[in-house]
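Everything below concerns the one structure shown next.
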Amino acid sequence: MDDLDGEMLAKILEKLDLEQKCNNEDNKGIVNMHYGYVETNNNQSKHIEYQKIKSFLHKYIGYFAEKNKASIDDLELTFINYGQTEIVYILKNNANNYIETLLIKQPAEEFGNVKKEYENLKLLTKKDKKVINPIDYFCSEDQELYVTPYINQTRCVASYDTWGVYVPEPYYRFVPFNCEQESIVNTCMIAKLISLYDFETGTGLSRCKLGGGDFMLEKGFENKPLTISNILNDLYLIAARSSINCPFPTYLDILRDEFSKKTIDEDQNKLLINLRGRVAMSEDDIEKGILLGKALLEKKYNNLDDFDFNTKKLIKKI
């Protein structure tokens with residue numbers, strides 16, 4: 001057998017680490033933080049940047065304690081996840097109550113982008129209560145983070161070889177959707193993007209990574225009847241890196257083009273909305289999402305128990 005190359009070996013080791021079977025029903029995410037989760041550029045050292053992150057988090061703890069008149073000794077940070085833009089921790093107190101989620105800038109990310117995302121999400125929450133609402137922003141020198149409420153053991157929507165969710169307990173792992181779940185969740189994600197288009201400024205969300213955790217579903221979604229209403233009610237947008245200025249029909253055409261194909265192997269600088277897409281969405285799900293998104297924009301339907309994509313009308317349950 002040929003020796004594994006470095007990249008393949010790193011992926012295998014990462015997968016083993018992600019799937020540590022800790023048999024813990026209280027597990028919140030990835031179990032242990034290590035240097036491998038730190039994204040650096042060619043001029044940065046992972047070890048040095050990791051120590052800087054730890055120091056920065058200590059500063060934030062001091063800031064939080066002073067602001068909330070709390071004792072530093074009563075506060076604890078737990079690493080739960082990571083992405084190319086941010087590293088994610090949760091803050092809890094000595095009563096084991098989880099207080100908030102911290103999204104810390106990855107060292108390779110340009111300073112200021114985390115603040116932009118914080119501001120973008122604050123604006124979007126005025127349009128949709130199912131956009132995660134940041135509660136604070138903190139920076140020091142070249143480091144920054146923003147803070148959101150913590151929602152217990154949510155499932156990040158992602159794609160691997162197929163669409164599914166990352167489930168944290170009893171160990172962190174990827175669970176594929178069945179065909180019906182995939183269709184409805186993808187339809188709802190596209191609809192949500194469209195529903196957040198701003199006609200006053202002519203802008204829509206861009207630089208999305210729907211296959212990498214831009215959306216999350218509340219724990220227990222899979223135990224409810226699989227309807228558009230239920231999925232929309234449990235589906236949160238948790239990332240808003242940037243926006244694109246273009247007419248609404250153009251925005252729809254970009255969605256159709258970029259989400260109907262895998263984009264992870266393409267030049268990311270030439271993509272506008274669907275970055276690093278590992279799995280294409282079906283054209284049918286995209287078109288259903290566009291119809292549903294338009295309905296949400298027009299605010300015609302307050303209770304989406306179901307939606308007839310042929311008549312574009314709500315089906316009334318008897």
State whether the side chain of [X] and the backbone N or O of [Y] hold a donor-acceptor pair below 3.5 Å, judged by distance alone.
| X | Y | answer |
| --- | --- | --- |
| Glu117 | Ala240 | yes |
| Gln181 | Asn178 | yes |
| Gln44 | Pro107 | yes |

Quick one: side chains of residues 251-262, donor-acceptor pairs under 3.5 Å with protein atoms, not counting sequence neighbours, listed by atom name and distance.
from   : atom 1 : to     : atom 2 : distance (Å)
Tyr251 : OH     : Leu205 : N      : 3.2
Tyr251 : OH     : Leu205 : O      : 2.8
Asp253 : OD1    : Arg256 : NH1    : 3.2
Arg256 : NE     : Glu287 : OE2    : 2.7
Arg256 : NH2    : Glu287 : OE1    : 3.3
Glu258 : OE1    : Leu272 : N      : 3.4
Glu258 : OE1    : Ile273 : N      : 2.8
Glu258 : OE1    : Asn274 : N      : 2.8
Glu258 : OE2    : Leu272 : N      : 2.9
Ser260 : OG     : Arg256 : O      : 2.8
Ser260 : OG     : Asp257 : O      : 3.0

May I ask you to check whether [X] and [Y] show a side-chain donor-acceptor distance below 3.5 Å?
| X | Y | answer |
| --- | --- | --- |
| Tyr172 | Asn81 | yes |
| Asp214 | Tyr236 | no |
| Thr201 | Thr203 | yes |
| Lys219 | Asn152 | no |
| Lys59 | Gln143 | no |
| Ser183 | Asp285 | yes |

task: Could you check Tyr50, Tyr82, Tyr89 and say which one makes a ring-ring contact (aromatic ring centres under 6.0 Å, His included) with Tyr37?
output: Tyr82
query: Going only through I, L, V, M, F, W and Y residues with side-chain contacts under 4.5 Å, is there a path from Ile99 to Ile135?
result: yes
field: Hydrophobic cluster identity match, Leu275 and Leu193, side-chain contacts under 4.5 Å
entry: no
task: Specify the closest pair of heavy atoms between Ile238 and Ile132, including all atoms of both residues, with the distance to one decimal.
output: CA-CG2, 3.6 Å
Step-by-step side chain to side chain contact (heavy atoms under 4.5 Å, CB included) determination, Leu103 to Thr148: CA-CA 8 Å; Leu103 295 101; Thr148 70; 3.9 Å; yes
- prompt: Met281 and Ile190: side chain to side chain contact (heavy atoms under 4.5 Å, CB included), yes or no, with the steps?
  reply: CA-CA 10 Å; Met281 290 185 182; Ile190 293 295; 3.7 Å; yes
- request: Please assess Glu109 against Glu39 for the test side chain to side chain contact (heavy atoms under 4.5 Å, CB included), listing each intermediate value before the final yes or no.
  value: CA-CA 8 Å; Glu109 188 71 15; Glu39 296 277 342; over 6 Å; no
Tyr137 six-ring face occupied by Lys115 cation (under 6.0 Å, within 45°): yes
task: Could you pull out all residues at least two apart from Tyr150 that satisfy ring pair (Phe, Tyr, Trp, His ring centres under 6.0 Å)?
output: Tyr98
statement: One should read off an interatomic distance between Cys156 SG and Ile80 CD1, to the nearest 0.5 angstrom, of 8.0 Å
field: Pair Lys52-Asp142, salt bridge (Lys or Arg N to Asp or Glu O under 4.0 Å): steps then yes or no
entry: CA-CA 10 Å; Lys52 287 172 64 177; Asp142 63 344; 3.4 Å; yes
- request: Flag the pair Phe138 / Phe64 as yes when their ring centroid distance falls below 6.0 Å, and as no otherwise.
  value: no
message: Please determine whether ring-ring contact (aromatic ring centres under 6.0 Å, His included) holds for the pair Tyr166 and Phe174, giving the CA-CA distance in whole Å, both sets of side-chain angles, and the decisive distance to 0.1 Å.
response: CA-CA 4 Å; Tyr166 277 103; Phe174 179 76; 5.3 Å; yes
